[in-house]
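Structure, as structure tokens:
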Amino acid sequence: MATHNPLAASSLPDERGRITIAILALGGEGGGVLADWIVTMAEEQGYVAQGTSVPGVAQRTGSTIYYVEMVPRNAPGQNRPEPVLAQMPVPGDVDIVIASELMEAGRAILRGFVSEDRTTLIGSTHRVYAISEKSMLGDGRAASQRILDAAERRAKRFIGFDMAQAAGEAGSVISAIMLGALAGSQALPFPREAFEATIRRGGKAVPSNLAGFALGESQAQGLAASAPEIQPASGPTTAAGRALHQRITDRLPAPAHAMALEGVRRLMDYQDRALAELYLDRLETMAALDDAEHGWTLTSETARHLALWMAYEDIIRVADLKVRATRVARVEQEIRPGSADIYSVTEYMHPRLQELCEIMPTALGRRVLASPGLQRRLSPLFRRGRLVETTRLRWFVLLRALAGMRRFRRSTLRWGHEQQRIADWLALAIEVARTDLAAATEIIRCQGVLKGYSDTWERSCTNFATLMEAARSLAGKPGAAQRIAELREAALADEKGDALACAVKAVA
Amino acid sequence: MAERSFKKEVEQLRLGEGAVFSGEGILAVTKALLQAGVAYVGGYQGSPISHLMDVFADADPLLRELGVHFESNASEAAAGAMLAASVNYPLRGAVAWKSVVGTNVASDALSNLASGGVTGGALIIIGEDYGEGSSIMQERTHAFAMKSQMWLLDPRPHLPTIVDMVEAGFDLSEASQTPVMLELRVRSCHMTGQFVARENKRPAMTVGEAAASPRRDVNRIVLPPANFVHEIEKVEHRWPAALKFIAERRLNEHFGPEQDRIGIIVQGGLFNTLNRALEMAGLSDVHGATRIPVYCLNVTYPLIPEEITRFCAGKDAVLVVEEGQPEFIEHELNTLMRRADLNTRIIGKDILPRAGEYSGTVLRDGLAAFLRIHAPERAPTQMVSVAPEPDLATTVPPRPAGFCTGCPERPIFSAMKLVQRELGELHVSADIGCHLFSILPPFHIGNTTMGYGLGTAGASAFKPEGKRAVAMMGDGGFWHNGLTSGIGSAVFNQDDTVTIVVDNGYSAATGGQDILSSRAENATRRTNNPIEKAARGLGITWARTLTRTYDVARMRDTLKEALTSPETGPKLIVAQSECMLNRQRRIKPLMAQAVREGKRVERERFGVDPDTCTGDHACIRLSGCPSLSIRPNPDPLRSHPVTHIDNSCVGCGNCGEVAHAAILCPSFYKVRVVTHPTRWERLRTSFRRRVIGWFQQRHARALAARAF
């Protein structure tokens with residue numbers, strides 16, 4: 001949490017005789033409540049205040065601007081006309097900007113509401129992702145650091161901390177935290193009591209709002225600095241773990257250690273020590289081709305992607321993850337049921353015949369998939385999704401039994417498929433690595449497009465195959481690495497694969 | 001139940017003489033109507049005037065006490081027609097709607113009304129939804145006022161002025177036998193402020209009394225030869241009467257010095273923004289003490305030639321601040337200058353932008369440009385300029401409006417996306433309403449939208465071979481006019497279109513007002529009239545009503561059946577599930593109450609397992625729920641964010657159903673939490689937990705043994 005210039009002098013209306021406040025919030029965050037609080041407080045404190053907004057459709061998840069202006073009320077006998085208050089903020093003329101979310105703070109800066117000479121910017125640093133960020137096939141998140149940098153650069157004062165988290169801690173809502181931060185900033189010439197009185201007068205959820213207010217205020221003043229907890233990765237806990245740890249430190253370059261340890265951890269959890277040993281065998285082959293000059297990137301990237309692929313998601317793995325005690329603990333942490341509450345958990349699962357065959361012994365699975373008669377007879381059983389209530393005994397026992405099939409995994413149809421594909425992929429990377437380490441690294445990274453289950457998985461496999469084919473034809477050409485990277489980006493650009501098809505055509 | 005309740009605020013409508021009213025613009029307007037002795041009010045909801053309708057509805061008891069009739073009209077056309085009550089009787093009436101779209105809908109009634117003229121004051125309160133935040137085509141109501149000869153008030157944003165203009169509007173309407181429009185811009189509707197109240201007035205005549213003793217004047221009816229007489233009346237009597245009234249009552253205002261070489265004429269609604277621009281140029285202060293003469297048009301139509309020529313005489317140049325185009329006022333000012341033989345230059349759209357909202361920045365820059373040419377000694381020397389942030393511009397993502405958390409309309413479009421995967425892209429004629437958000441990400445569904453309730457009519461030209469067109473309609477739009485213009489017309493013309501009516505129980509997009517098909521029991525209205533019954537009454541034979549839109553698979557199959565059924569003729573799917581925003585507002589307090597009382601309460605919410613989620617986000621592309629978001633991947637091996645369901649989840653189940661219907665992934669889970677469970681439930685749960693716990697301990701030991 002960052003708090004900046006916390007205790008600047010209390011500011012009063014300057015030569016302009018007014019204070020202007022813009023509030024940027026998302027629908028449902030209580031921006032309107034905050035504006036109302038500020039207006040009524042200003043009126044109680046001897047100001048003429050005016051609040052305006054443009055809600056309408058913006059209420060539905062869009063961003064909304066509330067705008068408040070205030071002028072000291074005429075003293076008795078002071079013969080001045082009533083103030084003429086503007087209905088929208090003008091760039092360069094806003095004293096206080098309050099943003100409920102980081103990108104909204106960015107939007108305030110973009111719209112020119114934040115100026116170096118005058119604006120106190122109070123903004124939450126948490127993110128509420130926009131649909132364009134959420135719906136990407138890969139990582140579409142905007143760069144938060146850019147906004148934080150601009151906030152520091154462009155505002156007279158920037159008071160930023162994670163207000164959503166504070167609201168959670170205080171059991172309050174973000175509007176109360178924002179009001180607290182406003183009080184803490186001392187950007188308004190009103191005493192603390194005036195803020196609290198406003199909350200009380202509102203009459204709704206007073207205790208929790210006051211708690212939120214207090215936390216917002218102290219965080220804005222930097223009083224509640226708490227160091228973020230960094231959890232160090234735990235070391236090996238078993239003899240096998242220690243042996244593998246030793247093998248990694250002995251035979252792999254240091255920059256790849258962290259990833260390789262995670263990989264080994266994953267594969268032991270997924271299958272057993274033997275699989276982890278196989279992983280290290282493959283990784284060491286790759287490391288032998290890599291060098292320090294390239295920062296051992298190929299090795300550490302292989303450590304990452306090879307582990308992910310070798311621990312592919314099948315029904316066995318999903319069942320295993322769903323029945324664990326640690327999973328129950330995580331659900332409880334999300335839901336936070338009361339001590340007297342009971343709860344049930346229902347999984348939405350939709351395995352197809354295909355997935356079931358994949359965990360059958362290779363010969364059997366292949367036979368079922370190859371027989372149109374069996375397909376026709378069995379398919380109806382898999383047409384509907386299953387509601388699997390894992391808090392009920394029969395479902396739990398079934399999943400537990402499926403998880404137990406782990407020991408037969410090496411004999412399943414899917415295992416053979418995946419081992420073949422992994423081998424092909426590594427072989428191509430090894431072949432390319434002999435002449436072009438960068439291109440080999442990009443080939444390894446292509447594993448990142450393999451995602452999802454069922455149709456999603458099949459679609460990603462098709463994309464992956466297209467990438468490998470293109471990589472093979474690009475190998476040895478100048479700029480191969482760059483072009484493979486671009487193709488990979490294109491594969492994650494849209495669901496239908498249009499961008500990838502287009503990019504492949506451009507390469508060919 | 002409306003989205004926002006004004007039950008508490010409407011108490012202020014009872015304020016008596018001298019008391020200070022403090023509140024929002026729309027509430028102030030309602031108070032002004034009561035102070036003016038209005039006999040009937042009505043209208044049709046729509047931003048930014050929805051809340052005015054909600055205020056009317058919440059103030060219904062008070063209105064009844066005062067003998068004021070309130071009607072929530074079926075459409076703007078119906079509201080406009082209701083003003084017929086003021087034609088023959090000295091009844092003051094007011095209706096409200098969103099312009100310019102509502103004025104379009106009402107235009108038939110308005111033309112008839114304006115032609116025949118009125119006896120009692122007729123006021124139309126226009127919510128001008130222009131500029132930022134507007135969801136309609138950017139047009140001017142001014143054009144309507146001019147072509148029908150109705151007067152247009154545009155009071156400056158100052159509650160006492162707005163209140164005065166409401167009362168003056170009735171007087172003006174009666175003095176000139178002409179309906180009057182009062183324009184309220186979106187910000188003025190929601191603007192807070194204060195004014196000194198006056199006593200409410202009972203209407204001199206109630207609608208009941210008028211109906212009891214009917215009056216008839218055939219000269220007020222638009223039929224030859226009366227209609228030709230009306231035109232002459234408009235020009236020779238009503239117009240001059242209006243000019244005289246506006247001048248005598250000094251409805252337009254003058255600010256600043258009497259004499260100057262330059263001046264500014266401004267639409268009343270833009271006065272505050274103009275003053276801020278002047279203030280920033282050092283030519284005014286926060287109290288409006290401008291150093292350049294400003295003529296503020298609280299009445300933008302008609303203009304008063306004498307006042308204009310007096311203001312412009314002796315000035316070299318006058319800036320006209322007139323938002324929107326065409327620049328009707330500027331044109332007329334130029335005509336007036338020629339007629340008065342004045343050489344004053346009228347500067348308007350040659351300096352100010354032709355299009356777009358006149359925001360503070362636009363007026364600040366426009367004023368500076370005007371001064372640099374016509375009074376350079378007063379032009380601001382230093383302009384605040386905001387340094388561009390190109391990096392930031394590409395970083396900050398847009399936030400298009402979208403369906404709310406748990407919205408029952410989302411699964412309809414998820415299902416449509418799935419149908420499109422099978423049958424190919426569809427032509428979808430969209431409609432006005434929340435469902436229009438389907439055109440935005442992540443759905444990208446909808447080809448055109450032609451107006452409220454016109455979804456089906458908008459598809460009527462499509463009679464394709466093989467593939468049927470789909471039309472969307474909301475329940476609000478269905479009753480507004482879709483029943484006749486869409487369904488009736490489709491039956492009559494043997495269209496083959498599939499119409500989906502989203503029946504969420506309210507006119508949801510405008511703030512959750514009840515309509516004919518609302519399921520709620522409403523004490524003052526008759527609800528619960530089924531949409532399918534109405535459509536069958538018009539001759540629809542293929543109709544399906546789905547009572548749970550969240551059943552994505554069923555929705556998908558029904559839509560597919562409608563699109564492929566051998567039966568010809570229009571098909572209707574009524575997709576029912578209550579608007580979640582309203583539902584939450586309704587049930588949350590009830591649930592909290594039940595928990596307090598120790599009753600058994602169930603609630604559901606969804607979650608995503610981060611260790612099975614692979615970060616493809618197909619679920620988000622098929623759903624787009626605000627509570628369905630992403631967060632950093634807890635898996636150190638993966639870098640793409642995982643899907644995550646935040647605390648705002650209302651447990652509608654759509655994400656799970658989508659995962660099922662589209663065969664996505666096994667990561668979604670539903671948690672059903674029971675507060676105050678029964679004894680049997682507690683026993684059963686504790687038994688299950690013990691057995692499962694034993695299994696889990698064994699499993700955990702096995703995991704630890706083979707762990708790293």
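Computed over heavy atoms, backbone and side chain alike; hydrogens, waters and symmetry mates excluded.
- Ranked by heavy-atom pairs under 4.5 Å with chain A, the list B/Leu664, B/Asn647, B/Ile630, B/Thr394 is led by B/Ile630.
- For chain B, no part of A/Thr40 is nearby; none of its heavy atoms comes within less than 4.5 Å.
- B/Ala277 does not touch chain A: none of its heavy atoms, backbone or side chain, sits under 4.5 Å away.
- Comparing B/Arg605, B/His617, B/Lys670, B/Arg684 by how many heavy-atom pairs each has under 4.5 Å with chain A, the most go to B/Lys670.
- Contact annotation for B/Arg276: only side-chain heavy atoms (C-beta onward) come within less than 4.5 Å of a heavy atom of chain A.
- The contact between A/Ile131 and chain B is made entirely by side chain atoms (from C-beta outward), counting heavy-atom distances below 4.5 Å.
- For a residue to count as touching a neighbouring chain, one of its non-hydrogen atoms must lie under 4.5 Å from one of that chain's; by this rule B/Pro390 does not touch chain A.
- For chain A, the nearby part of B/Thr273 is the side chain; its heavy atoms alone come within less than 4.5 Å.
- Only the side chain of B/Asn275 comes within contact range of chain A, judged by heavy atoms closer than 4.5 Å.
- If you look at B/Phe255 and B/Phe271, their ring centroids are closer than 6.0 Å.
- Contact of A/Arg327 with chain B is made through the side chain alone, with heavy-atom distances under 4.5 Å.
- Of the charged side-chain nitrogens involved, none lies within less than 4.0 Å of a carboxylate oxygen, so that B/Arg688 and B/Glu681 do not count as a salt-bridged pair.
- Looking only at heavy-atom pairs under 4.5 Å with chain B, the residue among A/Asp272, A/Leu308, A/Val318, A/Val68 that has the most is A/Leu308.
- Chosen from A/Ser454, A/Gly168, A/Pro236, A/Ala142, the residue pairing most often with chain B at heavy-atom distances under 4.5 Å is A/Pro236.
- Both the backbone and the side chain of A/Glu133 come within contact range of chain B, judged by heavy atoms closer than 4.5 Å.
- In this structure, no portion of A/Gln145 lies under 4.5 Å from any heavy atom of chain B.
- With a 4.5 Å cut-off on non-hydrogen atoms, B/Leu637 touches chain A through its backbone and its side chain both.
- Residue contact with chain B, scored on non-hydrogen atoms closer than 4.5 Å, involves the backbone and the side chain of A/Glu82 alike.
- Neither the backbone nor the side chain of B/Asp646 has a heavy atom closer than 4.5 Å to any heavy atom of chain A.
- Heavy atoms closer than 4.5 Å to chain A are found nowhere in B/Ala700, neither backbone nor side chain.
- Proximity to chain B (any heavy atom under 4.5 Å) is shown, for A/Arg392, by both the backbone and the side chain.
- Under a 4.0 Å N-O distance rule, the pair B/Asp635/A/Arg266 qualifies as a salt bridge.
- Put simply, of B/Gly693, B/Cys665, B/Cys649, the one with the most heavy-atom pairs under 4.5 Å next to chain A is B/Cys665.
- The contact between A/Asn74 and chain B is made entirely by side chain atoms (from C-beta outward), counting heavy-atom distances below 4.5 Å.
- Looking at B/Thr685, the atoms closer than 4.5 Å to chain A (heavy atoms on both sides) all sit in the side chain, from C-beta outward.
- In this structure, B/Phe606 and A/Tyr348 have tilted ring planes: the angle between them lies in the 30° to 60° band.
- Contacts of A/Val114 with chain B are absent, with no heavy-atom separation under 4.5 Å from either backbone or side chain.
- Annotation: maximal heavy-atom pairing with chain A below 4.5 Å, among B/His158, B/Glu279, B/Arg185, occurs at B/Glu279.
- Proximity to chain A (any heavy atom under 4.5 Å) is restricted, for B/Arg421, to the side chain, taken from C-beta onward.
- Salt-bridge formation is not detected for the pair A/Arg386/A/Glu347: no Lys NZ or Arg NE/NH1/NH2 atom is positioned less than 4.0 Å from an Asp or Glu carboxylate oxygen.
- The choice from A/His350, A/Met349, A/Lys134 that makes the most heavy-atom pairs within less than 4.5 Å of chain B is A/Lys134.
- Both the backbone and the side chain of A/Leu387 have a heavy atom closer than 4.5 Å to some heavy atom of chain B.
- For the options A/Tyr343, A/Tyr453, A/Tyr129, A/Tyr67, heavy-atom pairs under 4.5 Å to chain B are most numerous at A/Tyr453.
- Interface remark: B/Ile645 contributes backbone atoms only to the contact with chain A (heavy atom separation under 4.5 Å).
- Side-chain atoms of A/Gln87 and B/Ser188, non-hydrogen and from C-beta on, do get closer than 4.5 Å to each other.
- Salt bridge annotation for A/Glu334-B/Arg631: present, with a cationic side-chain nitrogen under 4.0 angstrom from a carboxylate oxygen.
- By the 30° and 60° cut-offs, the orientation of the rings of A/Phe396 relative to B/Phe695 is tilted.
- Heavy atoms of B/Ser648 lying under 4.5 Å from chain A are absent altogether.
- A salt bridge links B/Arg187 with B/Glu357: the distance from a Lys NZ or Arg NE/NH1/NH2 to an Asp or Glu carboxylate oxygen falls below 4.0 Å.
- When each of B/Ser284, B/Pro677, B/Pro388, B/Gly288 is scored by its heavy-atom pairs under 4.5 Å with chain A, the top score falls to B/Pro677.
- With a threshold of 4.5 angstrom between heavy atoms, B/Arg672 approaches chain A through its backbone and through its side chain.
- Centroid-to-centroid, the aromatic rings of B/His190 and B/His51 come within less than 6.0 Å.
- Ranked by heavy-atom pairs shorter than 4.5 Å toward chain B, the options A/Ile335, A/Asp455, A/Thr456 are led by A/Ile335.
- Of the two parts of B/Gln194, only the side chain, counted from C-beta on, holds a non-hydrogen atom closer than 4.5 Å to a non-hydrogen atom of chain A.
- A salt bridge links A/Arg330 with B/Asp609: at least one charged nitrogen is closer than 4.0 Å to a carboxylate oxygen.
- When A/Val388, A/Val345, A/Thr346, A/Thr390 are each tested for a side chain to side chain contact (heavy atoms under 4.5 Å, CB included) with B/Tyr669, only one passes: A/Val345.
- Listed here is the closest heavy atom pair of B/Cys189 and B/Glu24: O-OE1, 3.7 Å.
- With respect to the salt-bridge test (charged N to carboxylate O, under 4.0 angstrom), the residues A/Glu116 and A/Arg153 do not qualify.
- Only the side chain of A/Glu101 has a heavy atom closer than 4.5 Å to any heavy atom of chain B.
- Interatomic distance, CZ of B/Arg364 versus CG of B/Leu278, reported as 13.0 Å (0.5 Å rounding).
- Ion pairing between A/Arg406 and A/Asp269 fails under the 4.0 Å rule for side-chain N and carboxylate O.
- Using a 4.5 Å cut-off between heavy atoms, A/Tyr270 touches chain B through its backbone atoms (N, CA, C, O) alone.
- In terms of heavy-atom pairs under 4.5 angstrom with chain A, the leader among B/Pro641, B/Pro157, B/Ala662, B/Gly360 is B/Pro641.
- Rounding to the nearest 0.5 Å gives a distance of 12.0 Å between OG of A/Ser132 and CG of B/Leu440.
- Heavy-atom pairs under 4.5 Å with chain B peak, among A/Ala49, A/Ser344, A/Ala325, at A/Ser344.
- Between B/Lys98 and B/Ser134, the side chains place no donor N or O within less than 3.5 Å of an acceptor N or O (distance only, hydrogens not considered).
- Salt-bridge check for B/Arg638 with B/Asp611: failed, with every basic side-chain N at 4.0 Å or more from each acidic carboxylate O.
- A salt bridge is absent between B/Glu389 and A/Arg107; no separation between the charged side-chain nitrogens and carboxylate oxygens falls under 4.0 Å.
- By the 4.0 Å N-to-carboxylate-O rule, A/Asp320 lies close enough to B/Arg706 to be salt-bridged with it.
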